[in-house]
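Quick caveat, the model's predicted, so the values are computed rather than measured. All values below come from the heavy atoms of this structure, side chains included, with hydrogens, waters and symmetry mates left out. One is the number of the first residue; the rest follow in order along the sequence.
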Amino acid sequence: MAKKKKASKNALKKSEQNGSAAGEHVLDRLYEVIDSRKGADPNTSYTARLFSRGRQQIAKKLGEEAVETLIEGIRGDKPKLVGESADMLYHLLTLWASVGVQPAAIWAELARREGLSGIAEKAGRKQK
């Protein structure tokens, strides 16, 4: 237990050293970087290249990364699953940015669903 507390304190210190504000999440910071690449030179930025190719290409890349993530999840290779998950999240954030969806909207929806059973939440969608 003491090791977990120490690791948590170290992560917080590292976050503070990187200049992140309290409550700011790495995904929020990544989204801001991704969003800032809109209109950037596609020859110097992979993200700008994705934006220049359009939403359909971004969605295709997200699908590819999702498949790679699920393969590693089935295999149980934790380091590869971590890497593929990071790739998938990056491409998901890129798709959000291409559509203009802010992460706060996703966080709010997740918070709304917090404490609901999946069965009840899905049943509520059918009634709408």
Side-chain angles (χ1 to χ4, degrees):
M1 189 66 128
K3 286 184 179 182
K4 286 185 181 180
K5 284 185 181 179
K6 187 174 182 179
S8 179
K9 285 183 181 179
N10 287 340
L12 182 58
K13 282 182 185 177
K14 186 176 182 180
S15 175
E16 290 168 353
Q17 289 169 351
N18 290 335
S20 63
E24 187 179 51
H25 194 277
V26 66
L27 292 176
D28 292 309
R29 294 190 307 271
L30 178 57
Y31 179 89
E32 292 303 320
V33 171
I34 289 168
D35 197 48
S36 75
R37 298 300 195 268
K38 288 180 181 174
D41 183 356
N43 294 318
T44 61
S45 166
Y46 173 74
T47 305
R49 188 175 311 148
L50 279 175
F51 282 130
S52 74
R53 291 180 178 167
R55 188 174 305 138
Q56 187 173 0
Q57 183 63 28
I58 296 168
K60 180 181 174 189
K61 285 299 296 178
L62 173 59
E64 290 170 10
E65 296 301 339
V67 169
E68 291 170 4
T69 301
L70 75 85
I71 289 168
E72 296 309 333
I74 291 167
R75 287 183 181 159
D77 186 323
K78 289 180 185 180
K80 287 185 179 178
L81 178 58
V82 167
E84 294 300 343
S85 295
D87 291 347
M88 184 180 72
L89 286 170
Y90 160 80
H91 285 90
L92 178 60
L93 292 171
T94 305
L95 183 61
W96 292 353
S98 76
V99 176
V101 172
Q102 295 288 318
I106 306 302
W107 310 155
E109 178 62 13
L110 289 170
R112 184 191 69 76
R113 295 180 185 187
E114 193 171 14
L116 291 176
S117 81
I119 294 170
E121 195 279 327
K122 286 186 180 193
R125 283 192 233 164
K126 291 179 183 175
Q127 294 173 358
K128 291 181 181 178

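- Atom CD1 in Ile34 sits 9.0 Å away from atom CG in Leu27 (nearest 0.5 Å).
- Note: Glu32 CD to Gln102 CD = 6.5 Å, rounded to the nearest 0.5 Å.
- Considering only heavy atoms from C-beta on, Gln57 comes within 4.5 Å of Lys61 through its side chain.
- The closest donor-acceptor contact from the side chain of Ser85 to the backbone of Leu81 lies under 3.5 Å.
- Note on Leu110 and Leu116: separate hydrophobic clusters, where clusters join Ile, Leu, Val, Met, Phe, Trp and Tyr whose side-chain heavy atoms are under 4.5 Å apart, directly or indirectly.
- Here the closest heavy-atom approach between residue His91 and residue Ile58 is recorded as O-CG2, 4.0 Å.
- With contacts defined as side-chain heavy-atom distances shorter than 4.5 Å, the pair Arg37/Tyr46 does not qualify.
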Could you check Arg75 against Glu72 for salt bridge (charged side-chain N to carboxylate O under 4.0 Å, His left out), going step by step and ending with a plain yes or no? CA-CA 5 Å; Arg75 287 183 181 159; Glu72 296 309 333; 3.2 Å; yes
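- Cluster annotation: Val99 is connected to Leu30 through the hydrophobic network of ILVMFWY side chains, with a link wherever side-chain heavy atoms come within less than 4.5 Å.
- Atom NZ of Lys38 is surrounded by more than 12 heavy atoms from other residues, nucleotides or ligands within 6.0 Å.
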Run the side-chain contact (heavy atoms from CB on, under 4.5 Å) test on Tyr90 and Leu50 for me, step by step, so that the C-alpha distance in whole Å, both residues' side-chain angles and the decisive distance to 0.1 Å come before the verdict. CA-CA 12 Å; Tyr90 160 80; Leu50 279 175; 3.7 Å; yes
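- In this structure, Ala48 and Asp41 approach most closely via the heavy-atom pair CB-O, 3.8 Å.
- To the nearest 0.5 Å, atom CG of residue Leu89 and atom OG1 of residue Thr69 are 8.0 Å apart.
- Val82 and Ile71 end up in different hydrophobic clusters when Ile, Leu, Val, Met, Phe, Trp and Tyr side chains are linked at under 4.5 Å.
- The minimum heavy-atom distance linking Phe51 with Ala97 is given by the pair CZ-CB, 3.8 Å.
- Distance check: Leu93 CG to Met88 CE gives 10.5 Å after rounding to the nearest 0.5 Å.
- Of the charged side-chain nitrogens involved, at least one lies within less than 4.0 Å of a carboxylate oxygen, so that Arg112 and Glu109 count as a salt-bridged pair.
- Note on Leu92: it clusters hydrophobically with Val101, by side-chain heavy-atom contacts below 4.5 Å among ILVMFWY residues.
- Within the model, atoms CZ of Arg49 and CZ of Arg53 stand 6.0 Å from one another, a figure rounded to the nearest 0.5 Å.
- Residues Asp35 and Trp96 have side chains not in contact (no heavy-atom distance under 4.5 Å, counting atoms from C-beta outward).
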